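Proteins get letters first, then strands, A, B, ... in listed order; numbering begins at 1 in each. The model shown is predicted, which means the values in this text are computed figures rather than measured ones. Keep in mind that the numbers below use all heavy atoms, side chains included, and drop hydrogens, waters and symmetry copies.
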Amino acid sequence: MSIIDWFAKREKNTVDTTEKLNIPGHLWIKCDQCQEILFQKDLKDNAHVCLKCSFHFRMAAMDRVALICDPGSFVPCDEDLGPTDFLGFSDTESYVDRIRKAQTKTKRKDAVVSGLALLAGKPVSIAVMDFSYMGGSMGSVVGEKITRAIERGLENRCPVIVFTASGGARMQEGIMSLMQMGKTSGALERLGRAGIPYISVLCDPTTGGTSASFAMLGDFNLAEPGALISFAGPRVIEQTIRQKLPDGFQRAEFLLSHGMVDRVVDRRELRETLATLLDLSFGGPVS
Amino acid sequence: MKLMAFEKPLGELYDKIEQLKKLSRESDIDLSSEIEKIEQRAAAVREDIYHNLLPSQVVQIARHPNRPDSLSLFRLMSDDFIELHGDRAFGDDPSIVGGLGRIGDFRVVWLGHQKGHDTKENIRRNFGMPNPEGYRKALRLMQMADKLKMPIVTLIDTPGAYPGIEAEERGQAEAIARNLREMMGFGVPIVSVVIGEGGSGGALGIGVANRVYMLQNAVYSVISPEGCASILFRDAKQADVAAQSLKITAPDIVGLGIADGVIPEPLGGAHHDWDVVATAIKTQVLSDLSVLSSQSADQLRDDRYAKFRAMGIFTEG
Ligand SMILES: [Zn+2]
């Protein structure tokens, strides 16, 4: 069965792709950039972009799915993959407790949502990182889900889109988190050799081991305005070189001017940009 | 030889032996039985110290200033090593070195991080912390190896990729990421040995290999113990605890399925005898190349992907 048939046959979507903002009782929110007081509902209707200054708020993973995918088309995959504390790691708090808190807060097992969906009628394999889950850090589950999302693109011959939002590797999983960089990047090597496009959408923030692996490897690297994108975090660099960093350093626009991303795209135009890139770069599914 | 803090008891015994020897020479008194006794004690203390090393002590050995460096090891393993320079785009990064050489019957491309043994050389080598052009030089040499069907051998020894303004401007993240992807696709054997510090993405950037080894006192970690302590423990003084928690020693890295084996070092560490270390690495690399060189390009790619694909520990269901 081709992926198109699969989408046609399966029951009408039952997945709720909207996510409640985790600020109950707060109808109003202040813009981080211009201090404007915004009505939550207006903000949501404007793709979580400030109506006054166009500041891009961080977005919940499922809100992003709803914003990008054709309504009702998203089918989640690998939802039952969960983290384990295989090193018995404990710092100021045990990893077990951190996992429990993050799972309670986000209602998901780890920091990625992934699945198959349609975008402007075309099947895509999509993965969205969730920064609110332990800073979107990449441990075994994140690496595995991203890798499987890439492999799903390979199996179904459909483009892969990943939205990154991550502080980097998850230290609580030690060396295993580092190796997820090799695993995910290796999967992209296979996808590339098969001639299937990969689009990386770099959201705020994308740093460390995530930026130094699948986030920077898009055939098309798109970045959201103002997103912090770096290898080393600004604090680490300041401590190393002992001087203040210039304004706008490591922001999306800085990366554009240094040749590291193809475009900085306003979130309100992101879906259309993605649809255009898919249309121009990939000739449709082969069944 | 610089002694590390935990070797102090040993240092005191060595000093005492020297004193007695001097006294014996100058005074004509026979102290040989006394000296022998202390030498025996020293041997026992040595065994005790080096067979019960804490991870934080292993880190000190891995960072020892006299630890053998990549260029020296290339030359010890390969009589005809010739260094090649530059990324053909920006510059030549002295903290990643590479070139051609023969090892046994194989002609290979050598690559490695390069540290110095003194402050001057370390400044020149940026303490083994590469900039993007270092990773791009490595990529250029590996692409050449792939084209010329030569195996690639990499020696890993870096605190990490350099965190600096210009490194960011020139795309440190992109340079490392690209290497990870491209290394997975080469149709030639790749063998990597962590010879000192395997510092995070900066290490893995030349470490996506068919076979990965740890020198006995090398470490491999997602973050330095110091970095981990200051970020997670919010206390830089917890570095020893972090070194323990992160599971970064050779047996741990093998136990987690990341490395394929441990290459033994002389008692006390690789800095005591570079020749022995070079021979041990050479033996291991030759044994792997003789197996891997009979595999097809596709087999080598599949083998490498399968190795990394299996990394990760999680629950399902
Ligand atoms: Zn605003």
Side-chain angles (χ1 to χ4, degrees), chain A residues 78 80-84 86-92 110 139-141 143-144 147 169-183 185-190 192-193 207-209 211-217 229-233 236-237 240-241 245-246 249-250 254 258-260, chain B residues 160-165 167-185 198 200-205 207-208 220-223 227-229 231-235 238 241-242 245-248 252-253 256 258 301 304-305 308-317:
Chain A
D78 305 322
D80 54 353
L81 259 61
T84 77
F86 53 89
L87 295 182
F89 199 97
S90 190
D91 44 85
T92 55
D110 212 308
S140 296
V141 174
E144 182 69 18
T147 302
R170 187 173 296 170
M171 287 174 269
Q172 289 87 351
E173 293 192 18
I175 192 74
M176 205 57 89
S177 62
L178 181 70
M179 293 303 145
Q180 304 310 307
M181 295 168 64
K183 182 162 97 179
S185 304
L188 287 173
E189 193 278 328
R190 308 209 135 200
R193 213 146 24 89
T207 67
S211 72
S213 59
F214 56 90
M216 286 307 294
L217 290 174
I229 303 163
S230 72
F231 173 67
V236 173
I237 298 178
T240 308
I241 63 170
L245 298 171
F249 181 63
Q250 299 179 323
F254 173 92
H258 284 88
M260 295 301 148
Chain B
Y162 186 61
I165 290 184
E168 295 289 320
E169 287 175 343
R170 296 200 287 275
Q172 189 74 286
E174 194 276 345
I176 292 171
R178 179 184 294 258
N179 281 16
L180 303 181
R181 184 185 65 194
E182 296 304 308
M183 284 187 88
M184 200 60 92
S200 196
L204 189 61
V208 180
Y220 205 171
S221 184
V222 65
I223 185 168
C228 179
I231 295 170
L232 283 189
F233 294 79
R234 302 196 181 281
D235 177 6
Q238 297 283 318
V241 181
S245 311
L246 285 165
K247 303 283 189 286
I248 60 179
D252 286 331
I253 298 301
L256 286 164
I258 308 301
R301 275 189 277 266
R304 207 175 303 129
Y305 187 62
F308 282 81
R309 185 66 189 82
M311 292 178 190
I313 300 174
F314 50 84
T315 60
E316 187 158 18

message: With a 3.5 Å distance limit and no angle check, can you tell me whether B/Arg301 reaches the backbone of B/Gly185 through a side-chain donor-acceptor pair?
response: yes

- request: Tell me, for B/Ala203 versus chain A, whether the close heavy atoms (under 4.5 Å) come from the side chain, the backbone, both or neither.
  value: neither

query: Relative to chain B, which of A/Thr92, A/Ile175, A/Leu188 shows the most heavy atom pairs under 4.5 Å?
result: A/Ile175

query: Side chain, backbone, both or neither: which part of B/Ile313 has an atom under 4.5 Å from a heavy atom of chain A?
result: both

- line: Answer key: most heavy-atom pairs under 4.5 Å with chain A among B/Glu174, B/Glu182, B/Glu169 is B/Glu169

field: A/Arg193 versus chain B, the contacting section by heavy-atom distance below 4.5 Å
entry: side chain

query: Where on B/Arg170 is there a heavy atom nearer than 4.5 Å to chain A: the side chain, the backbone, both, or neither?
result: backbone

query: What option among B/Ser200, B/Ser221, B/Cys228, B/Gly201 has the most heavy-atom pairs under 4.5 Å with chain A?
result: B/Ser200

field: Polar side-chain atom of A/Ser177 near backbone of A/Ala169 as donor-acceptor pair, under 3.5 Å
entry: no

field: Under 4.5 Å from a heavy atom of chain A, the part of B/Leu256 involved
entry: both

query: Between A/Ala232, A/Ser140, A/Ala212, which residue shows the highest count of heavy-atom pairs closer than 4.5 Å to chain B?
result: A/Ala212

task: Look at atom CZ of A/Arg190 and say whether more than 12 heavy atoms of other residues, nucleotides or ligands are closer to it than 6.0 Å.
output: yes

message: Just verifying a value: how many Å separate B/Glu168 CD and A/Thr207 OG1, rounded to the nearest 0.5 Å?
response: 9.5 Å

Greatest number of heavy atom pairs closer than 4.5 Å to chain A - which of B/Ile165, B/Ile176, B/Ile223, B/Leu204: B/Ile165

- prompt: Out of B/Leu232, B/Ile231, B/Leu246, B/Val208, which one racks up the most heavy-atom pairs below 4.5 Å with chain A?
  reply: B/Leu232

Point-to-point distance, once rounded to the nearest 0.5 Å, from CZ of A/Arg170 to CE of A/Met176: 14.0 Å

message: Please classify the contact between B/Ile248 and chain A as side chain, backbone, both or neither, with a heavy-atom cut-off of under 4.5 Å.
response: neither

message: Under 4.5 Å from any heavy atom of chain B, what part of A/Leu87 do you find: side chain, backbone, both or neither?
response: both

query: Using a cut-off of under 4.5 Å for heavy-atom pairs, which of A/Gly82, A/Gly139, A/Gly192 has the most such pairs with chain B?
result: A/Gly82

task: Measure A/Met171 against the heavy atoms of chain B and call it side chain, backbone, both or neither at under 4.5 Å.
output: both

- request: Let me know if A/Phe254 has heavy atoms under 4.5 Å from chain B in its side chain, its backbone, both or neither.
  value: side chain

- request: Pick whichever of A/Leu217, A/Thr240, A/Thr84 has the most heavy-atom pairs under 4.5 Å with chain B.
  value: A/Leu217

- line: Honestly, the part of B/Tyr305 sitting under 4.5 Å from a heavy atom of chain A is side chain

query: Checking A/Ala187 against chain B: side chain, backbone, both or neither under 4.5 Å from a heavy atom?
result: both

A/Ser211 versus chain B, the contacting section by heavy-atom distance below 4.5 Å: both

message: Looking at B/Met183, is its backbone amide N or carbonyl O close enough to the side chain of B/Arg304 to form a donor-acceptor pair, meaning the two atoms are under 3.5 Å apart?
response: yes

task: Would you mind telling me which of A/Glu173, A/Gln172, A/Lys183 has the largest number of heavy-atom pairs within less than 4.5 Å of chain B?
output: A/Lys183

task: Tell me, for A/Ser90 versus chain B, whether the close heavy atoms (under 4.5 Å) come from the side chain, the backbone, both or neither.
output: backbone

field: N/O donor-acceptor pair under 3.5 Å between A/Gln180 side chain and B/Met311 backbone
entry: yes

field: Salt-bridge contact B/Arg178-A/Glu189 (side-chain N to carboxylate O under 4.0 Å)
entry: no

